[in-house]
Asker: 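Next up is a structure, given as structure tokens.
Lettering of chains follows the sequences in order, A, B, ..., and the numbering in each one begins at 1.
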There are 2 protein chains.
Amino acid sequence: MSHTAETTQVRAPGVRQAQKLRTRRALLDAALALLEEQSLSSLGLREVTRAAGVTPAAFYRHFRDTADLGVALVDEALGSLHTTIRTALAATVRDGTGPEDGGGGEDGGDERIDAAVELIDALVREYPAHVRFIAREQHGGVTAVRAAISGQLALFGAEVADTLAAVPEAAGWSRADLLMLAGLYVDHMVMTASALLAAGPEGGTRAEVARVARRRMRLISLGRRHWLD
Amino acid sequence: MSHTAETTQVRAPGVRQAQKLRTRRALLDAALALLEEQSLSSLGLREVTRAAGVTPAAFYRHFRDTADLGVALVDEALGSLHTTIRTALAATVRDGTGPEDGGGGEDGGDERIDAAVELIDALVREYPAHVRFIAREQHGGVTAVRAAISGQLALFGAEVADTLAAVPEAAGWSRADLLMLAGLYVDHMVMTASALLAAGPEGGTRAEVARVARRRMRLISLGRRHWLD
DNA sequence: GGAGTCGGAGAACGGTTGTTTACTCGGTGG
DNA sequence: CCACCGAGTAAACAACCGTTCTCCGACTCC
């Protein structure tokens, strides 16, 4: 992962700062684990340090309070998922079945949707704690964290709108409408991720959730296709 | 204070139970007020009793713990909004512009959508604390409350699906697809309510949020209209 | 009208919280 | 090589937490 050069490490390596980042990592991981069964506003400072194996006072070397830690968690969670989500959305966006040559071309759109939902599913499986944290604190009790999340999601929305604008089907769409559709996609993605998380790793309910998510996306894409009528 | 029964106050009322319900009311109201700036899992028992003007020990006469109180709040919030939401959804459902006689009939659908969003807006203005509570605890840290909310919302969804099935445009729709669409409506309603709440009572941003919500609904209705193609 | 019920008050308990202080001690830079 | 810096420790602080106990007094039922 990190670039800890062993031999000719020079300049700015810092064994010092490396250790600092390690405990910071421990604090973030411990907090994320604890947040699977409670929300941020009830997360105790001592609770985190205890789980991380450090002293309560050490916490202040990294964060002002638990809310500050929460904001850091938002950046980490949505930052790491940034490229992944971008890929997913780019795939979803192009569902217009391309030029309407002949019929039966609709499978292309459905395949894109299937791939997108599958990607969300894989994402939830790989980073369940991050997804849970975002879904929970999106409307949570800590103002700063809420603001951070909505800011990041708005960023995603704008990015999706840009991607949407690039495809030929978007001809004639206003910027406002593109943002509207992009926001709908993003919100639906968060909702789907949360639903998948709540369904658990079992096959039965989870498969049904994915099925419904696909149909919802298909309906939205259908509406998108006929928007300019 | 109050003397006994005034004249022919009889049978089952009970001055006793009336007072009990009064303090229960005080506890619920105090909790709801406190929950505007934090989440349920961080809500303290003593905090609630202090705000309600009663002793901590009195709390146990009404609820086992704060999670139990949260479930009661869910029933109250979604129970009271039940009829209102039902009305709103019944209005939204019929957006198919009726029989497709000639063109230009689409305004009917848009008017329904406008009315529905307006109703949500009014609902948020009248019960902001309830709406905030539901939106926040829907993915919150208390399992029992989460289950209660999702159960109530699933009930709403089924009800909306029934209403949808009654309109002529639903011919040929499977029950699963009706539930899918109903869930999409319900989720979108909660999202819109939360967004309106976050926008605050000011005219500028709030009006924009309502505008986007209307467009989203219009797009969904469009997809619904072309679902069976 | 008297016995009984019960919602609420009051006080006490052990435990945990966030925060601050003084201190250690190993990596860092001149 | 040595002085310094700073991440982390240990201890102490008052405040608050959830829970339990005993007790009071007003309502209820017969």
Asker: In residues 23-39 of chain A, what residues come within less than 4.0 Å of DNA chain D, judged by heavy atoms?
Answerer: A:T23
Asker: In whole angstroms, how far is the C1' atom of C:dC6 from the NZ atom of B:K20?
Answerer: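 My rounded result for the distance is 8 Å.
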Asker: Kindly express the pairing pattern of DNA chain C in dot-bracket notation, using | wherever a base pairs with another strand and counting only Watson-Crick or G-U pairs under 3.5 Å.
Answerer: |||||||||||||||||.||||||||||||
Asker: Keeping to residues at least two apart or across chains, list the side-chain hydrogen bond (donor to acceptor under 3.5 Å, both in side chains) pairs with something in residues 46-64 of chain B.
Answerer: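 Sorted result for residues 46-64 of chain B: B:T23-B:H62, B:Q38-B:E47.
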Asker: I would like to know whether B:R224 and B:Y185 meet side chain to side chain contact (heavy atoms under 4.5 Å, CB included); could you show each step before the answer?
Answerer: CA-CA 11 Å; B:R224 175 186 168 211; B:Y185 275 139; 3.9 Å; yes
Asker: Which letter, B, S or -, goes with each nucleotide of nucleotides 14-22 of chain C from 5' to 3', with contact meaning a protein heavy atom under 4.0 Å?
Answerer: ---BBBB--
Asker: What is the separation between atom CD on A:Q17 and atom P on D:dA7, rounded to the nearest whole Å?
Answerer: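 Taking atom P of D:dA7 as the reference, CD of A:Q17 is at 9 Å.
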Asker: Nearest heavy-atom pair of B:V48 and B:L69: which atoms, and what distance?
Answerer: CG1-CD1, 4.5 Å
Asker: Going by atom types only, do A:S42 and B:S42 share a side-chain donor-acceptor pair under 3.5 Å?
Answerer: no
Asker: How long is the gap from CG on B:D114 to CG on B:L119, to the nearest 0.5 Å?
Answerer: 12.5 Å
Asker: Show me the side-chain donor-acceptor pairs of residues 209-217 of chain A shorter than 3.5 Å, one per line, residues at least two apart or across chains.
Answerer:
residue: A:R211; atom: NE; partner: A:E208; partner atom: OE1; Å: 3.4
residue: A:R215; atom: NH1; partner: B:D177; partner atom: OD1; Å: 2.2
residue: A:R216; atom: NH1; partner: B:D187; partner atom: OD2; Å: 2.9
residue: A:R216; atom: NH2; partner: B:G183; partner atom: O; Å: 3.3
residue: A:R216; atom: NH2; partner: B:D187; partner atom: OD2; Å: 3.2

Asker: Calculate the interatomic distance between B:Q19 atom CD and C:dC6 atom C1'; express it in whole Å.
Answerer: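 Roughly 13 Å, once rounded to whole Å.
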Asker: If only atom types and distance count, is the side chain of B:T163 paired as donor or acceptor with the main-chain N or O of B:E159 below 3.5 Å?
Answerer: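 Yes, B:T163 side chain to B:E159 backbone: donor-acceptor pair under 3.5 Å.
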Asker: Tell me the side-chain hydrogen bond (donor to acceptor under 3.5 Å, both in side chains) pairs involving residues 125-143 of chain B, sequence neighbours left out?
Answerer: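 Qualifying pairs, neighbours excluded: A:S194-B:H139, B:E36-B:R132, B:D121-B:R125, B:T143-B:R146.
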Asker: Nearest-Å distance, CZ (B:F63) to P (D:dG18)?
Answerer: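 Result: 15 Å.
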Asker: Please assess A:D162 against A:R175 for the test salt bridge (charged side-chain N to carboxylate O under 4.0 Å, His left out), listing each intermediate value before the final yes or no.
Answerer: CA-CA 9 Å; A:D162 290 345; A:R175 176 73 185 169; 2.9 Å; yes
Asker: Can you name the closest pair of heavy atoms from A:A199 and A:T205 and give their distance?
Answerer: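 Taking A:A199 first and A:T205 second, the nearest heavy atoms are O-OG1, 3.6 Å.
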